[in-house]
There are 2 protein chains.
Amino acid sequence: MVTIGDVAQAAGVSRSTASYALSGKRTISPEVREKVRQAVEELGYTPNAGARALATSQTRVLGLLGRFLPDEFAPAMLQYILGVTNRARDLGYDTLLVSEEDGYAALTRISDSRMADGFVLLNVAEDDDRLPFLRTARQPGVLIGLPHDTTGVDVFDLDFEATGRVMVDTLSELGHTELILVSQPEHVVQRGGAYVWRLADSARERAAELGITIHTYFGSSTQPAIGDDLHRFLDAHPSATGLLLNNEAAAAALPTVLHQREMSAPRDISVIGRYSDDFARTFSLPYTAIDSAADELGRRAVEQLVARIEHRDAPSTHRVELIPPAIQDRGSIAAPPVHP
Amino acid sequence: MVTIGDVAQAAGVSRSTASYALSGKRTISPEVREKVRQAVEELGYTPNAGARALATSQTRVLGLLGRFLPDEFAPAMLQYILGVTNRARDLGYDTLLVSEEDGYAALTRISDSRMADGFVLLNVAEDDDRLPFLRTARQPGVLIGLPHDTTGVDVFDLDFEATGRVMVDTLSELGHTELILVSQPEHVVQRGGAYVWRLADSARERAAELGITIHTYFGSSTQPAIGDDLHRFLDAHPSATGLLLNNEAAAAALPTVLHQREMSAPRDISVIGRYSDDFARTFSLPYTAIDSAADELGRRAVEQLVARIEHRDAPSTHRVELIPPAIQDRGSIAAPPVHP
DNA sequence: CTGAAAGCGCTTACAG
DNA sequence: CTGAAAGCGCTTACAG
C-alpha cells in the first residue's frame, strides 16, 4: 500500500513535511506543497485511518446507537439515521451504526475501544441504561429522545408535551368537546417510550383545563388488530367527535375503519395524527398531522455532537432542545358535526 | 487510558505474553492466563481498535453502502440494514453505514483509508458505477441487488424474474386472462432499478407464453398521485380481473381506490403484490404478496462477505444467489368473477 | 512456555 | 521553512 513515506519520497521531502503539507498545520513553501500534491495524486495516496486514529486519538467516526425492538415499527428510524449520517458526512465524519440489542454493551465496546469520537443515541428510554456510562465516557454523547435525567448530555426531541396540548387545543378551538386519543402499544411505553405518555399526559391535562373530555387508549401496532381496536374505541364513545392518533398503524388503518362505519373525516369526525410526512406521502395516511421531524433531529444532534467533539474545552452547558410541533394540514379537521 | 502495557505490568508479564494470553495465539500457562485475565478485569482493559487495525491490517468493520435517493421510499431499506448489522455483530463485526449520494466517492474513501475489511453494497444499479472499483479493491464486496455484470463479486437478491412469472402463473391458474401490472415509477428504473423491469419483463413474457393479456404501467410512489394512477389504469381496462403490484404506495392506496369504485378483492379483482411483510403488518397492505426477504438477504450477504474476509485465499468462485419468491397468502386472490 | 524488539502508518513536538 | 525522531497501542516473528 502507498504510505506517506512513499509520497514523501516521490516529492523529495521528509515524511513530516509531507504530512504538514497535507494537513496545513504549518507553513509550507508553495513549491513543496505542489510537489506533495502531485505525488499524492500520482500515487493515489489516502491516509490510513487506523494509523491516523492511533496518532491523533481521533477517529472522525460517530457512533450511532439505535435500538430496534422486534415489535416496534423500525422503518421510521431510518429517517433519523439518514439525518445523522448525511449531516455527519457533511461535517467530515463517518457513522458506525450499532443496532445490537444490548445497547449498553454496544456503547461500552465502541467507546472503550476508541472506535468513535462521540455518540448519538437513538430511541432513548425514560430511564436509559446507557446514560450512566455515557456521562462518564471519554467521548461526548447526544440523545435523540428525552430521558428523565438529562445531566451531562445534550438532548434533542420533538416536544411531545406541546404536541399533546396543540392537538387538544386545535380541536377544542373548533368546538370539539369529546376526544379519543389512540397511543402506541402499552409495551412501547413500558420499555421506556416516555414520549408516548408525555404526549398523552399533556393532552389529558390540557383537556382538563379546558373542561373537555378525552378518552385515552393504547392501540396495537399491527394489522388487523389495530383496526379492531379502532372500532372498539369508536363504539365505546359514539359521541366523540375528535380522534388523536399517536400510532402509525392506526393512521394507516383508519381510512378503512371509517369507511366500514360509513363515516368520513372531517365530516363525521376530526382526525389529527403524529407521524412522519414521508410515511404520509408513501402510504395512505391522509390526516392532518404533526411531523416527527426525524431528519431535523438527526441533523441537529450531529451538529451539536461535532461541536462538542471539536471544542471539548468549551464551557458550554448541556442543552435540551425540544422542537415545537408543526401541524401539516391535510384537511381532516373541522368543526364537529351539528346533530339535530 | 489503560493499555496492554498496564495489563502486562499488573500481571507481571511482558506485553507480548499479555497479548498472546488474550488472543490465545500461542500456548500460555494457566497461571499466567489467569493473572492476565484478572488484570484485564481490574483495570477494565479494552484493546484500542485503531492500534489493532494498524498492527493487523484488520478492522473488524464492514462498510455498508446505501444509496437513498430523495424520491425513493427509503424506509424499506432499514430492513436490509438491520439484517446486515445484526448478522455482522453476531460474527464479530461492526458496521459503518455510508449514505452519501456519491457512492463511488464513499467506497473509495472507506476502502483506500482501510476503514473496513469488506463491503456490502445496497441498492445496486444495473450498471453500478461502484463496481469497477470494487472489483479491484483490496477488500471483498458483496451486493444486495443484481447488476448486469456480476464478475468478481458475490450477489444476493430476490429472484425478480421468478417473481414476475409466479405472479402471472398464480393468477393464470385461477383462470384470469387479463392482468394489470403496476410497477414503481419510471425514474426508479432509469436510475438503475433493474429489478423493476426484470419483474415486468418476465411477467410479460410469461403472459405471452400462456396467451393471456397483461397491461404494464409505471405508477407514482406518493399519495395522492398513485391513487389517481390506479383509477386511470382500472378505467382503461375494465375487463382486467387481476392486479399485480410492484409498488408499495400502490398497495397502500388500493384499498381506498377499490372502495371508491365499489369493488373489493378478490370478489371483483384479484390482487397480488410484492412488498415486505413488515410493511404489510404495520400499514394496511392487505394483499397476498411476495415478501422482499430484506433481512434474509442482508444476513446472507454478510455471511458470504465474512467468509471471504476470513478465507481470502479460498479459491471459491463468486456466487449469484437469487432467493425464490415466497407467496404470503392474505386472501386477495381467487377465480375471476363470472359475468352473466 | 515466555520476553525483547521490530513494525504497522501516521502526527507532532523538538531542533535547526 | 524543513528534517530526524519519538510515540500512539497494538501484534507477531525472532530468540531463548
Side-chain angles (χ1 to χ4, degrees), chain A residues 1-37 39-40 43-61 109-117 138-139 310, chain B residues 1-37 39-40 43-61 109-117 138-139 310:
Chain A
M1 77 171 292
V2 28
T3 73
I4 197 159
D6 301 326
V7 170
Q9 199 172 342
V13 299
S14 73
R15 287 161 61 216
S16 56
T17 299
S19 176
Y20 283 120
L22 291 174
S23 69
K25 285 193 184 169
R26 78 178 179 194
T27 37
I28 298 281
S29 71
E31 305 88 68
V32 168
R33 203 205 319 276
E34 177 55 19
K35 276 193 295 184
V36 170
R37 201 199 55 69
V40 166
L43 301 175
Y45 169 71
T46 308
N48 180 303
R52 177 174 277 179
L54 184 55
T56 62
S57 301
Q58 279 207 53
T59 61
R60 311 260 350 154
V61 166
R109 178 167 46 83
I110 309 286
S111 173
D112 287 341
S113 66
R114 305 290 214 288
M115 295 181 76
D117 295 338
R138 42 182 55 83
Q139 303 96 339
E310 299 182 354
Chain B
M1 76 170 296
V2 27
T3 73
I4 197 160
D6 301 326
V7 170
Q9 199 172 342
V13 298
S14 73
R15 287 160 63 215
S16 56
T17 300
S19 176
Y20 283 120
L22 292 173
S23 70
K25 287 193 182 166
R26 76 179 180 194
T27 37
I28 299 280
S29 71
E31 307 86 67
V32 167
R33 204 204 317 276
E34 177 54 21
K35 275 194 295 185
V36 170
R37 202 200 54 70
V40 165
L43 301 175
Y45 170 71
T46 307
N48 180 304
R52 177 173 278 179
L54 183 56
T56 62
S57 300
Q58 279 207 51
T59 61
R60 312 260 347 156
V61 167
R109 179 166 46 83
I110 309 286
S111 173
D112 287 342
S113 66
R114 305 288 214 288
M115 295 181 75
D117 295 338
R138 43 183 55 82
Q139 303 95 339
E310 299 182 354

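Letters A, B, ... are given to chains in the order of the sequence lines, protein chains preceding strands, and every chain is numbered from 1.
For A:Lys25, a side-chain nitrogen or oxygen approaches OP1 or OP2 of C:dT12 to under 4.0 Å. When the side-chain nitrogen and oxygen atoms of B:Thr3 are compared with OP1 and OP2 of D:dC8, none of them lie within a distance under 4.0 Å. For the OP1/OP2 pair of D:dT2 and a distance below 4.0 Å, the side-chain nitrogens and oxygens of A:Ser29 include at least one atom meeting the criterion. The phosphate of D:dT2 has neither OP1 nor OP2 within less than 4.0 Å of any side-chain N or O from A:Thr17. In this model, the phosphate group of C:dC10 is not approached by any side-chain N or O of A:Ser19 to a distance below 4.0 Å at OP1 or OP2.
In this structure, CZ on B:Arg37 lies 11.0 Å from CZ on B:Arg33, to the nearest 0.5 angstrom. A distance of 11.5 Å separates CD1 of B:Ile4 from OG1 of B:Thr46, quoted to the nearest 0.5 Å. In this structure, B:Gln9 CD and B:Leu43 CG are separated by 9.5 Å, a value rounded to the nearest 0.5 Å.
Annotation: of the two residues near DNA chain D, B:Tyr45 and A:Arg26, the 5′-most nearest-nucleotide partner is A:Arg26. Map B:Val13 and B:Ser57 each onto its nearest nucleotide of DNA chain C; the residue landing nearer the 5' end is B:Val13. In terms of position on DNA chain C, the residue among B:Ala55 and B:Val32 whose nearest nucleotide sits closer to the 5' end is B:Val32.
For A:Arg52, the listed nucleotide lying nearest its side chain is C:dT11; candidates were C:dT11, D:dC8, C:dC8. In this structure, of C:dG9, C:dT2, C:dG7, it is C:dG9 that holds the atom nearest to the side chain of B:Leu54. Closest to the B:Asn48 side chain, of the nucleotides D:dG9, D:dC1, D:dA4, is D:dG9.
Distance B:Arg15 CZ to D:dT11 C1': 10 Å, rounded to the nearest Å. Atom CD of B:Gln9 and atom C1' of C:dT2 are 17 Å apart (whole Å). Taking atom CZ on A:Arg60 and atom C1' on C:dC10, their separation rounds to 15 Å, with Å as the unit. Summarising the geometry, the separation between CG on B:Leu22 and P on D:dT11 is reported as 8 Å, rounded to the nearest angstrom. Atom CD of A:Gln58 is separated from atom P of C:dG9 by 21 Å (rounded to the nearest Å). Following rounding to the nearest Å, B:Ile4 (CD1) and C:dT2 (P) show an atom-to-atom distance of 15 Å. Residue A:Asp6 contributes atom CG, which lies 11 Å from atom P of C:dC8 at whole-angstrom precision. Between B:Met1 atom CE and D:dG7 atom P the separation is 17 Å, expressed in whole Å.
A:Asp117 contributes no side-chain N or O that, together with a main-chain N or O of A:Gln58, makes up a donor-acceptor pair within less than 3.5 Å.
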Read 5' to 3' with Watson-Crick or G-U pairs under 3.5 Å, [ ] for crossing pairs and | for partners on another strand, DNA chain C gives |||.||||||||.|||

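Taking each heavy atom of B:Val2 and B:Asp6 in turn, the nearest pair found is CA-OD2, 3.2 Å. Looking at every heavy atom in both residues, B:Ile28 comes nearest to B:Tyr20 through CD1-CB, 3.9 Å. Closest approach of A:Asp112 to A:Arg138, counting heavy atoms only: OD1-NH1, 3.7 Å.
For C:dA13, the base has a donor-acceptor partner in the side chain of A:Tyr20 [N/O atoms by modelled type, under 3.5 angstrom]. For C:dA4, the base has a donor-acceptor partner in the side chain of B:Ser16 [N/O atoms by modelled type, under 3.5 angstrom].
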Take B:Met1 and B:Asn48 through the test side chain to side chain contact (heavy atoms under 4.5 Å, CB included) and record every step on the way to the result. CA-CA 10 Å; B:Met1 76 170 296; B:Asn48 180 304; 4.2 Å; yes

